[in-house]
Amino acid sequence: MSCFRPLMPLLPGLLCLAGCTTHHAPSFALMGAYFPSWMLCGSVGILIAIGARFLFIALGLDALLSLRLFTYVSLGVSAALLVWLIWFGA
């Protein structure tokens, strides 16, 4: 038992990793390779934020925004989370 004593400080971190398995990892197959689903949701969120920016500029709403970066980042994150919720469930 004394040979495991140096590893005792690592025990809390190792217990946190106990749930990390690939068995039910949310991923999808794309051309034979598995990609994490958060990459897909993040990409969709970025595309929606860029689309919203072009739409706001076309409608003249972009000039009225005081916190543009916060607005577009919030739209992108909200879209990514909504895609995650709809596609992969709660």
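Since the model is a prediction, treat every value here as computed from it, not as a measurement.
- A distance of 10.0 Å separates CD1 in Ile86 from SG in Cys41, rounded to the nearest 0.5 Å.
- Listed by chain and residue number, Val77 satisfy the side chain to side chain contact (heavy atoms under 4.5 Å, CB included) test with Leu81 (two or more places apart in sequence, or in another chain).
- Note on residues 43-54: pairs passing side chain to side chain donor-acceptor pair (under 3.5 Å), not counting sequence neighbours, are Arg53-Asp62.
- Scored by the side chain to side chain contact (heavy atoms under 4.5 Å, CB included) test, Leu75 finds Ala52, Phe56, Thr71, Tyr72 as partners (sequence neighbours excluded).
- Residue pairs meeting the salt bridge (charged side-chain N to carboxylate O under 4.0 Å, His left out) criterion with at least one member in residues 72-83, sequence neighbours excluded, do not occur.
- Every residue two or more places apart in sequence or in another chain that forms a side chain to side chain contact (heavy atoms under 4.5 Å, CB included) with Phe70 is listed here: Leu67, Ser74.
- The heavy-atom pair separating Gly45 from Ala79 by the smallest distance is CA-CB, 4.2 Å.
- Hydrophobic clustering (ILVMFWY, side-chain heavy atoms < 4.5 Å, transitive): Leu55 and Val73 are in distinct clusters.
- With sequence neighbours left out, the side chain to side chain contact (heavy atoms under 4.5 Å, CB included) criterion links Leu64 to Leu61.
- Counting only heavy atoms from C-beta outward, the side chains of Ser37 and Trp87 never approach each other to under 4.5 Å.
- Here the straight-line distance linking atom CD1 of Ile46 with atom CD1 of Ile50 works out to 7.0 Å at 0.5 Å rounding.
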